[in-house]
Visitor: 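First the structure, then my questions, so here it is.
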Amino acid sequence: MVHEENGSPAAAWIAKFATPLVGAQTSNALGAVLPLAGLRFAVKDNIDVAGVPTTAACPAFDRLPTAHAAVVQRLLDAGASLVGKTNLDQFACGLNGTRSPYGEVPNAFDARLVSGGSSSGSAYAVAAGEVDFALGTDTAGSGRVPAGLNNIVGLKPSRGLLSAFGVVPAAQSADCVSIFARTVALAVDVLLATAGHDARDPYSRDLALRRKPLPAHFRFGVPDTLAFFGDTAAEQAFADAQTKLIALGGSPVTISYAPLAEAAALLYESALVAERYAAVREFFDAHDSEVIEPVRSILASGRDYTAADVFDAQTRLRAIAQQVEPMWRDIDVLLVPTAPTHYSREQMRADPVVRNRNLGAYTNFVNLLDYAALSVPSSLRADGLPFGITLIGPCGSDLALADLGQRYHHATGLAQGATGLPLPAPRPVPGFAAPDADTLPIAVVGAHLSGMPLNGQLSERGATLLRAMTTASAYRLYALPGTTPPKPGLQRVAEGGGAIALEVWAVPLAQIGSFLALIPPPLGLGSVELADGSWVHGFICEGHALAGAQDVTHHGGWRAYIASRTAAPPSH
């Protein structure tokens, strides 16, 4: 069975609701605004929504749940509205988005290419701007590969952090619900709204998340062997990604990839594959002819192993985990390409097993070894196709990865997904410990903002973003002529002022002197009033320099002004 809308945007959806499902109002009983109020989301169709069939992309499997999956209920309770259920590789078995009788989901940048799977529809819906965020699932990379191929964020939480109750399992002990969004900040909002122990999920657990960012001067691991399967554009993009991480304060450390690759191979090439069969055994034994290839063969292979084989595979996996544990003494985070290349849908159909395996070259080991991971956009290659990186850390490092991932994403200057919209201002990661007392808050309004050319002068000194907000409505912003990179001048006025977007960074006191030495005239450090009436130290400009400067106050901030100068039609 092949869907008539193969490769069209409609193939991203299995069920799109005429009226969104709303579970809560915009505020709770106490009047507090709900964290996800006004946002629209979709869920992969292996996640239950009460009264809506769950197909797992297999029409014969069709079940009608009477209750929402735990994560769906929590999102509705947080104020979000559900607009539909998305397509997937059947039974979440695949990384490419072509293994579904409901149609092949296109890449958001080029419909001839695969979207990545198995959470293909969820990724496409987010990249195309059809929803604000979406849920997928991730066993072998399904919450990361589609993100990397579609220029969006894919947050793969530590296993057990989000409940999998009400989710059709792929390999239950390695599964997790994943989050797609166009910004890291929103992905974190969704994570915090859905996280929590749930005794109904056998693998749910209470996890103590790391509450501090990575060190200002962090070490990132890079595999000693890398395969891009002949894709030189992807190889160059990964080299460029390492340069970007170095600019953010990172130092590369070469790590041995062989044991990680061996762990990855166990998922499909050992008795561990029996767990995929076990997940749908009752249905599969009665209806295996209703399952499409190559999913049928993969599931059927799980019948061939004995219990002793499974214990042997589990023991080998634990041995590998012991072998690689010392790696974390030498690095703070592991860097890998999210996916090593792009394939056309035609290429994938011609060699579905090998090319699918290639897409998972850097993903399969992560859940098996109990790591957290975050895929973020890195660049648009010379051919206009997205390239993403994945930051990997030990279990519980989710927020620390998000902090670094947001800094990296905003430094790229990329648009949101395939929408052409610029990234909004970044937001501090909630839940981090308060900044140390030996720091000084400094407000920046121009070239030192996240993603701007001089932001590295802050990050390399160990400064951390405290918050993004605006000045009081008493300032005017000017574009200073003849400055490289372009810089603004901020001036307080008695009347006719506006609120100017800024960021407040905590700069270590020991670094203040070296930071001030970099500030050229006519700029200097003074005091700036914030929108909440408080005052912080911040950049101001000598009045004489503004005489011939362009007034850009109406843009509301330097980031918006720069975007207006470089605005171009979105490329799809």
Side-chain angles (χ1 to χ4, degrees), residues 35-44 47 71-72 74-75 78-80 86 108 116 119 122-138 141-159 161-162 176-196 207 209-210 213 333 338 366 371-378 386 388-393 396-412 414-417 419 421 423-432 450-451 465 468:
L36 303 178
L39 298 178
R40 294 158 53 89
F41 74 103
V43 299
K44 185 177 180 177
I47 300 174
V71 284
V72 171
R74 289 185 178 183
L75 290 172
T86 55
S119 309
S122 288
Y124 180 90
V126 171
E130 297 181 14
V131 293
D132 296 299
F133 67 91
L135 297 184
T137 58
D138 188 308
S142 297
R144 291 161 277 156
V145 169
L149 297 184
N150 288 280
N151 194 46
I152 61 173
V153 172
L155 193 162
K156 189 219 74 67
S158 296
R159 287 191 294 108
L161 186 58
L162 272 60
C176 63
V177 175
S178 64
I179 299 163
F180 295 106
R182 290 185 294 278
T183 67
V184 173
L186 179 53
V188 171
D189 288 344
V190 176
L191 175 75
L192 296 179
T194 50
L207 285 174
L209 297 181
R210 174 185 174 133
V333 64
T338 298
V366 176
Y371 298 155
L374 178 72
S375 174
V376 293
S378 182
I389 60 163
T390 295
L391 302 170
I392 301 169
S397 63
D398 307 66
L399 298 181
L401 295 178
D403 178 69
L404 177 59
Q406 179 174 235
R407 288 169 54 203
Y408 183 95
H409 188 198
H410 282 262
T412 65
L414 292 169
Q416 297 184 52
T419 67
L421 298 173
L423 289 170
R427 290 189 274 120
V429 173
F432 271 178
S450 299
L465 177 65

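These numbers come from the heavy atoms of this one structure, side chains and all, not from hydrogens, waters or symmetry mates. On a predicted model such as this, the values are computed, not experimentally measured, just so you know.
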Visitor: Just how far is it from atom CG of Leu401 to atom CG of Leu374, taken to the nearest 0.5 Å?
Guide: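 So the CG of Leu401 and the CG of Leu374 are separated by 6.5 Å.
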
Visitor: Residues two or more places apart in sequence or in another chain: which of them pass salt bridge (charged side-chain N to carboxylate O under 4.0 Å, His left out) with Arg407?
Guide: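 Testing Arg407 for salt bridge (charged side-chain N to carboxylate O under 4.0 Å, His left out), a comparison that skips the adjacent residues, returns none.
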
Visitor: Provide the closest heavy-atom pair for Val153 versus Val376 in the form atom of the first, atom of the second, distance.
Guide: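 Reported closest heavy-atom pair: CG2-CG1, 4.5 Å.
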
Visitor: Is any side-chain heavy atom of Ile179 closer than 4.5 Å to a side-chain heavy atom of Leu162?
Guide: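 Ile179 reaches Leu162 side chain to side chain.
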
Visitor: Under a 3.5 Å distance rule, please check whether Asp398 uses its side chain to pair with a backbone N or O of Ser158 as donor and acceptor.
Guide: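 Here the side-chain-to-backbone pair exists.
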
Visitor: Please report the closest heavy-atom contact between Ala187 and Ala181, naming both atoms and the distance.
Guide: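 Nearest pair, atom of Ala187 first, then Ala181: N-CB, 3.8 Å.
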
Visitor: For the CG atom of Leu191 and the CG atom of Leu399, what is their distance to the nearest 0.5 Å?
Guide: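 If I round to the nearest 0.5 Å, the distance is 6.5 Å.
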
Visitor: Taking the side chain as C-beta and beyond, is there a heavy-atom pair between Pro35 and Leu192 under 4.5 Å?
Guide: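 No, every pair of side-chain atoms sits at 4.5 Å or beyond.
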
Visitor: Do Lys44 and Thr137 meet the criterion of a side-chain donor-acceptor pair at a distance under 3.5 Å?
Guide: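 Yes.
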
Visitor: Which pair of heavy atoms, one from Ser397 and one from Arg210, lies closest together, and at what distance?
Guide: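 In terms of heavy atoms, the two residues are closest at CA-CB, 4.4 Å.
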
Visitor: Please enumerate all residues that pass side chain to side chain contact (heavy atoms under 4.5 Å, CB included) together with Ser178, with sequence neighbours excluded.
Guide: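 Scan of Ser178 (side chain to side chain contact (heavy atoms under 4.5 Å, CB included), adjacent residues dropped) gives Asp138, Phe180.
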
Visitor: Counting only N and O atoms by type, is there a donor-acceptor contact under 3.5 Å from the side chain of Ser122 to the main-chain atoms of Leu135?
Guide: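 Yes; at least one donor-acceptor contact below 3.5 Å.
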
Visitor: With sequence neighbours left out, what residues match Phe133 under ring-ring contact (aromatic ring centres under 6.0 Å, His included)?
Guide: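 ring-ring contact (aromatic ring centres under 6.0 Å, His included) list for Phe133, sorted by chain: Phe41.
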
Visitor: Look only at the side chain of Ser119 and the backbone of Ser142, and say whether a donor-acceptor pair between them is shorter than 3.5 Å.
Guide: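 Pair found, side chain donor or acceptor close to backbone of Ser142.
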
Visitor: Once side chain to side chain donor-acceptor pair (under 3.5 Å) is applied, what residue pairs with a partner in residues 148-157 remain, sequence neighbours excluded?
Guide: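 Passing the test, one end in residues 148-157: Lys156-Asn367.
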
Visitor: Would you name the heavy atoms of Leu207 and Arg159 that are closest together and state the gap between them?
Guide: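 Scanning both residues completely, I find the closest heavy atoms to be CD1-O, 3.7 Å.
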
Visitor: Does a side-chain heavy-atom distance below 4.5 Å link Leu404 with Leu391?
Guide: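 They are in contact (side-chain heavy atoms under 4.5 Å apart), so the answer is yes.
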
Visitor: So how far is it from Leu186 CG to Ile152 CD1, rounded to the nearest 0.5 Å?
Guide: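 Result: 11.0 Å between the selected atoms.
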
Visitor: With sequence neighbours left out, write down each residue that passes side chain to side chain contact (heavy atoms under 4.5 Å, CB included) with Thr338, or none if nothing qualifies.
Guide: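 Checked Thr338 against side chain to side chain contact (heavy atoms under 4.5 Å, CB included); matches are Arg144, Ser375, Thr390.
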
Visitor: Residues two or more places apart in sequence or in another chain: which of them pass side chain to side chain contact (heavy atoms under 4.5 Å, CB included) with Ala411?
Guide: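 Ala411: no side chain to side chain contact (heavy atoms under 4.5 Å, CB included) contacts found.
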
Visitor: Taking the side chain as everything from C-beta on, heavy atoms only, tell me whether Tyr408 gets closer than 4.5 Å to Ser378.
Guide: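 A side-chain contact exists here, since the closest heavy-atom pair is under 4.5 Å.
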
Visitor: Do Leu161 and Cys176 have side chains that get closer than 4.5 Å, going by heavy atoms?
Guide: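 A side-chain contact is absent here, since even the closest heavy-atom pair is not under 4.5 Å.
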
Visitor: Give, for atom CD of Gln406 and atom CZ of Arg427, the distance between the pair rounded to the nearest 0.5 Å.
Guide: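 The distance works out to 7.5 Å.
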
Visitor: Taking all non-hydrogen atoms of both residues into account, name the closest pair between Gly129 and Arg182 and its distance.
Guide: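 In terms of heavy atoms, the two residues are closest at CA-NH1, 3.5 Å.
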
Visitor: What is the minimum heavy-atom distance between Leu465 and Ser450, and which atoms define it?
Guide: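 Looking at all heavy atoms of both residues, the closest pair is CD2-OG, 4.4 Å.
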
Visitor: Is the closest side-chain heavy-atom distance between Pro424 and Thr183 below 4.5 Å?
Guide: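 In contact.
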
